[in-house]
There are 2 protein chains.
Amino acid sequence: MRPKLTDVAKKAGVSKTTVSRVINNYGYISEKTRQRVYRAMKELNYQPNSLARSLHGKSTHLIGIIFPSIMNPFYAELVQRVEEKLFDAGYKIILCNSAQNKKKERDYLKMLIANQVDGIIAGTHNLGIEEYKNVGLPIVSFDRYLSETIPTVSCDNYQGGITATKELYEAGARHIYFLGNPHQSGNPTDKRLKGYCDEIDRLKLTRHTHTVSFTESASLKSFSIKELLSKSVADGIVCTDDLTALLVLQAARELGINVPNDLKVTGFDGTELVSTYHPELSTVVQPLEDIASVLINLLLERIKNPDEKLKQMEYVLPVTFKRSASIGQIFGQ
Amino acid sequence: MRPKLTDVAKKAGVSKTTVSRVINNYGYISEKTRQRVYRAMKELNYQPNSLARSLHGKSTHLIGIIFPSIMNPFYAELVQRVEEKLFDAGYKIILCNSAQNKKKERDYLKMLIANQVDGIIAGTHNLGIEEYKNVGLPIVSFDRYLSETIPTVSCDNYQGGITATKELYEAGARHIYFLGNPHQSGNPTDKRLKGYCDEIDRLKLTRHTHTVSFTESASLKSFSIKELLSKSVADGIVCTDDLTALLVLQAARELGINVPNDLKVTGFDGTELVSTYHPELSTVVQPLEDIASVLINLLLERIKNPDEKLKQMEYVLPVTFKRSASIGQIFGQ
DNA sequence: TTGTACGCGTTATCAG
DNA sequence: CTGATAACGCGTACAA
């Protein structure tokens, strides 16, 4: 059995209260007893029981993190950053991969409530808005609208769609396709699509959209992409994410299509991983670091002050574009 | 304020005990009161407070997961699998990225103890063995020796080193280099190095080892790799991980070295991500799924039966080799 | 079949 | 400066 407050008290020859005071730096204590208590704690290798403290009204300093999957480098990097920042602020995270699974997400939500987490960062919603409303806990959302009371942080998906399209155009592409998720209201890629469409219209080109479900296996996606490449006259493709873009580059290589001469490609996300191991990919870069910061600042603000009205419910962070070989920019220059 | 047991009891017109019994399916209760209690719970949207239950001796069903960083796809995929399996077993995970940081790892260890986690899965040790011994909690370790009482699960790193070397040899390479971490006792890559050395000796070739620290930035690693490639006569390179292998492939491309004709390369890990987006890379594949299973089975076993002696302290799981274009195998065949 | 009363480990209030 | 003692929300002997 792990030693408890009473054991320390007994060993130090004082009362529980005194030990508690020492631990929490509360009230007046003589230096002598303080030292005695410290020594007893060391000797017993004592660790206060968070559960008991939390039961008494103290916060758990636990934050629930709900994302689809950290198999995707984008989420992995976002979670990693969130973890780092929250650690520095004294919080621990409970990682919940919802995996597009309604039941799993609901179960996790319940568990998080049961565990008295201080707040939740959600980057997915398979669930109805009602379920999130009823949580009754500080929540911030990444890239998804959950409810009118839950602030949303995202990058400028719309502008990203515009930028990618414009870059392809300026690089010489005239038959620009959009490759991504099937249309689904509320999904952030919708705004990327909207940006693409608006820019295509502005350029007086024709819209072409090709859908591959995000949840499909890579080989199925590849198959679909090869079909697209061999049957169409596309000379530019706006992809909704970097991984899909990599599949396009791969398919082009296999089909003997020259990138960027005959086909120009852009991605979306700009993770460290992809930009390190695929510096040739041009992409819309999400400001991951800033996204993590804003998410956390908002959440901690809410935790500190649950009832204060937020000045702003939507935080849209600017994206940047990384030009590289896949649209013709010579890599390394 | 979140509703509590008493509120439900009041609403249902019964005592706390009865409600507790309904929740835990304990003892005899009439169907009528059971329904009444259920209804009250629904109406109040009641969630039992895990903290209070755990304080009473129930387990928290929390598991601490300590790994260096989920930015590395290998750890990301391992953590993801662990998370999935633990979720199915009714556990939640607290994610701790230790980031080669002694203090952070120590702090996390304390936090995990304070939070009364049921057990810990550790895949890193910056800390001394003593600190892990004193945790007094079920622990299992991935790929690192922590202490004589903590079971270790790993892939067959030694055989992996042998296999990779042999494969390069059979593909025609005669100047086979080893590229990896600087030697550091206890590190799993040491066994890979040992396998390489033994196999090189067996083949009567000369050993060549080149070190790049795992923690260095990719661009520094690249620089070092280019130096190696331009100054040496290497025609085969055993890399200690896939990401390093990708850098080698990249460097070779930039230097105009033909892979696999003039240089053959193998990696280590075989994550889904790398094998999907770099099918050309030949690599030693770790059985991630099995590793996750064994880790969890061992841990849950220990949790259920903390005092039982384990039959086995080291679990070494077999690796497989994926032949592909980077050693000459034509990809897709 | 149901209720009472106590304990889990800690903090906070109120006396000393 | 220090020490009893009552909470916190729940589970469970024991009693009814």
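In what follows, chains carry the letters A, B, and so on, assigned in the order in which the sequence lines appear, proteins first and then strands, with residues in each chain numbered from 1. Only heavy atoms go into these numbers, but all of them, side chains included; no hydrogens, no water, no symmetry mates.
Between its two ends, the helix from C/dT1-D/dA16 to C/dG16-D/dC1 turns its axis by 40°, counting five pairs per end and rounding to 10 degrees.
Scanning for side chain to side chain contact (heavy atoms under 4.5 Å, CB included) contacts around A/R2 gives B/I113, B/Q116, B/L137, with sequence neighbours left out. Checked against side chain to side chain donor-acceptor pair (under 3.5 Å), B/T152 has no partners two or more places apart in sequence or in another chain. The side chain to side chain donor-acceptor pair (under 3.5 Å) search around A/Q35 returns A/E31, not counting sequence neighbours. When the ring pair (Phe, Tyr, Trp, His ring centres under 6.0 Å) test is applied to B/F87, the partners found at least two apart in sequence or on another chain are A/Y108.
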List every contact pair, protein side and nucleotides 14-16 of chain D side both N or O, where the distance is under 3.5 Å.
none

Under 3.5 Å, which donor-acceptor pairs do the side chains of residues 67-78 of chain B form with other protein atoms, sequence neighbours left out?
residue: B/S69; atom: OG; partner: A/Q80; partner atom: OE1; Å: 3.4
residue: B/S69; atom: OG; partner: B/M71; partner atom: N; Å: 2.9
residue: B/N72; atom: OD1; partner: B/F74; partner atom: N; Å: 2.8
residue: B/E77; atom: OE1; partner: B/E272; partner atom: N; Å: 2.9
residue: B/E77; atom: OE2; partner: B/E272; partner atom: N; Å: 3.2
residue: B/E77; atom: OE2; partner: B/L273; partner atom: N; Å: 3.0

Anything under 3.5 Å between a donor and an acceptor, one on a side chain of residues 40-51 of chain A, the other on a protein residue two or more places apart or in another chain? List them.
residue: A/N49; atom: OD1; partner: A/L51; partner atom: N; Å: 2.7
residue: A/N49; atom: OD1; partner: A/A52; partner atom: N; Å: 3.4
residue: A/S50; atom: OG; partner: B/A114; partner atom: O; Å: 3.4

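To the nearest angstrom, P of D/dG9 lies 16 Å from CD1 of A/I113. Put simply, CG on A/N115 is 14 Å from C1' on D/dG9, counting in whole angstrom units. At whole-Å resolution of the value, CD1 in B/I23 and C1' in D/dG9 are 11 Å apart.
Annotation: proximity of residues 11-19 of chain B to DNA chain C (heavy atom, distance under 4.0 Å) is found for B/V14, B/S15, B/T17, B/T18, numbered in ascending order. For the segment residues 39-61 of chain B, the set of residues with a heavy atom within less than 4.0 Å of an atom of DNA chain D comprises B/Y46, B/P48, B/N49, B/A52, B/R53, B/H56, B/K58, in numerical order.
Among the atoms of the strands shown, only primed sugar atoms or phosphate atoms (P, OP1, OP2) are found under 4.0 Å from some heavy atom of A/S30. Base contact: A/L5 has a heavy atom under 4.0 Å from a base atom.
Nucleotides of DNA chain C lying under 4.0 Å from heavy atoms of chain B occupy a range whose first and last members, 5' to 3', are C/dT1 to C/dG9.
In this structure, A/R302 does not pair ionically with A/E308, as no charged nitrogen and carboxylate oxygen lie closer than 4.0 Å. One finds no salt bridge joining A/K11 and A/D7 here, because no Lys/Arg side-chain nitrogen approaches an Asp/Glu carboxylate oxygen to under 4.0 Å.
Applying the salt bridge (Lys or Arg N to Asp or Glu O under 4.0 Å) test to pairs two or more places apart or on separate chains, those with a residue in residues 82-91 of chain B are A/K104-B/E83, B/K85-B/E289.
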